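Notes for the one structure printed next.
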There are 2 protein chains.
Amino acid sequence: MARELIHHRGPQFKEVFGEVHQRLQWSFETTNQVLSLTCSGTGAFEAAMINFTKRGDTVICIGGGKFGERWGEVGRAYGMNVVDMPLPWGQSADPDELRDLLKKVPDVAMVTVSASETSTGAWHPVAELANVVRAHSAALLAVDGITAVGVQSVPMDELGLDILVSGSQKAFGVPPGLAFVAASERAWERYPESDHPRYYFDLGRERRAQAKHQTAFTPAISVVLALREALALMQDEGRQALFERHARNARAARAGVEALGLTCFAQRPSNAVTAALVPEGVSAKEVVQTMRERYGVTIAGGQGDFADRLVRIGHIGFFDGSDMLVAISALEQALRDQGLDVELGKGVARVQRELIGV
Amino acid sequence: MARELIHHRGPQFKEVFGEVHQRLQWSFETTNQVLSLTCSGTGAFEAAMINFTKRGDTVICIGGGKFGERWGEVGRAYGMNVVDMPLPWGQSADPDELRDLLKKVPDVAMVTVSASETSTGAWHPVAELANVVRAHSAALLAVDGITAVGVQSVPMDELGLDILVSGSQKAFGVPPGLAFVAASERAWERYPESDHPRYYFDLGRERRAQAKHQTAFTPAISVVLALREALALMQDEGRQALFERHARNARAARAGVEALGLTCFAQRPSNAVTAALVPEGVSAKEVVQTMRERYGVTIAGGQGDFADRLVRIGHIGFFDGSDMLVAISALEQALRDQGLDVELGKGVARVQRELIGV
């Protein structure tokens, strides 16, 4: 990150950017072009939606959390006909419910889902949802993989996903500033008819530029440089090992919070983040603050209506078992500080057992 | 840049971001809020245009280079009625011409100009243009200050500019990834009526979040951290010293290229970049390539129709006189390599004289 910058119109950048592109294709498990945009993940949602649909098109947005619902907000901002598939926070989408909705709603142009819903820690059954969309509709399936790609298998080509989005600061473990959008040939066929106004997020322009290993506009160069290193580490580790490490850390975190008497929030948990409901009468915000200030461990609170009810332990990116030990240890202590009757070492011992598999 | 990241929803980020905001106000010479967006400068152009105008509004876009003309492209992408004020590349806008245009075109909602036109090295007379706009129109004046803020005085409040845009990678000398938009109260009064579709670039949402020293979406945190350091250096140097250093480097670069028989391209040159026409028969691209590969000095070629006719020496950011010496020295050598009859040392000597003022 602190290396001297290279110029984004020079040959050295092209070489780096070309390498990053190949490695991104590896992590997206696709032969589609994976476009890098300088923006947050939300910008990539927006680009994905407005380049492959027309004004007034109908989109089904699968809810169940802050990020799933955000797709609907983007669609409404563009005057689209957004049909929500509402879902209580923490639940995962039911493919049968989506099938029924697709049968009822005519001419759906796009279905959106956040594979790993960071606000609740829930995992949506992307493979099953993709099957339903293909079987019952001509709609494109757009998947937010921001906390999914590089964590659990979301093989874009194998599942036949039309759009897959991710961001630099999650599994890739580099600072925020870049987001990624890959689109299938089927999606690109709809690009010429797409008539939403856009300039910075015009993916057609980016596609042409990035085919030549350039970007249409000045990119976050330092993040590109860091990303190359991170992707190389991920490929060295190997896809299966990467997924298994995330799964192991997730199991350890879930076992740890449950040993402390907390309840895992997600019906079907994601391996990126563990969200747990704190006991009645305890403030999640205070737990998070105590952990940070007294024990030097940063976890997140809840979002939306669950701001003070959930603690969320992230285990996406370059984490290992010792990070889970430290997090659960600090959580134990912080819960005790809140007056809870917590037996010190209980959560930590469960993490240890989970990590060594006994 | 390489420091451990802080979380963008934590108290530490708020503190840093609040400090960055105050220092940005210093560099924009304004009491208006200066919003930071994670995108390139072009994204900030777009945000500036689509938050303070309505669909179908008339905008006058002052051309004269790639960036001036880009405002018009953005307006057209949003279906606006774009009236170009065309200008041969290299020329600066004539305030009288703008006045005549404002008298002729009814109900102009916005006038746009790129104060320092990076593609040609030209400086537009922002103060005079601002006077004309205020005297003859209710239009907002939107100024691209990407290579102007922190280089030459563009006092937003004193000149009564409605919108001023800049980017992290120019005078601030930190990596690309952040762009800035400041808007006057007068501009914000038009925000509620603005009806362009947008989500990521909705400045109303950013304004509310950033008033609390947060961002609406995940920002390029590492760039924010670097920016704090860069802004502190700029404030320590002082505004006048900063402007004088840029002016001195620019004078040195201009004197150097002219001593080598090149022609300064801009009618009224900017202090950010010196664009010079290479002699007939010489390829600017080859000069740039030779300088980089043989002499380790990176300058830029031209853009658009002038891609192979112009060399552009940047002197924006933390450069000093020795950088100009090195650049002109490498240019001398590269021109000789192209077969030109260049007396070694002639350009360098002119740079030396300019730097010590004799």
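Since the model is a prediction, treat every value here as computed from it, not as a measurement. Just so we're on the same page: letters track the sequence lines, and every chain starts at 1.
The shortest non-hydrogen separation linking B:P219 to A:P176 is O-CG, 3.0 Å. B:T38 and A:G177 get closest at one heavy-atom pair: CG2-CA, 4.0 Å.
Two residues are said to be in side-chain contact when any heavy atoms from C-beta on lie closer than 4.5 Å; B:Y199 and A:R76 fail this criterion.
Under a cut-off of 6.0 angstrom, the local environment of CD in A:E15 is sparse, with at most 12 non-hydrogen atoms contributed by other residues, nucleotides or ligands.
Ranked by heavy-atom pairs under 4.5 Å with chain B, the first of A:A300, A:G10, A:P11, A:G41 is A:P11. With respect to chain B, the highest number of heavy-atom pairs below 4.5 Å among A:E73, A:H196, A:R9, A:H8 belongs to A:E73. Options A:G43, A:S40, A:A220 differ in how many heavy-atom pairs under 4.5 Å they form with chain B, and the most are formed by A:S40.
At a heavy-atom cut-off of under 4.5 Å, chain B is reached by A:E46 from residues 44-54 of chain A, listed in order of number.
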- Item | Verdict with supporting geometry, A:R70 and B:F217, side chain to side chain contact (heavy atoms under 4.5 Å, CB included) | CA-CA 12 Å; A:R70 185 170 284 174; B:F217 309 114; 3.6 Å; yes

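The aromatic rings of A:Y200 and B:F201 lie perpendicular to each other, with more than 60° between the two planes, well past the 30° mark.
Remark: B:F180 engages B:F172 in a ring pair (Phe, Tyr, Trp, His ring centres under 6.0 Å) (not counting sequence neighbours).
Neither the backbone nor the side chain of A:Q289 comes within contact range of chain B; no heavy atoms are under 4.5 Å apart.
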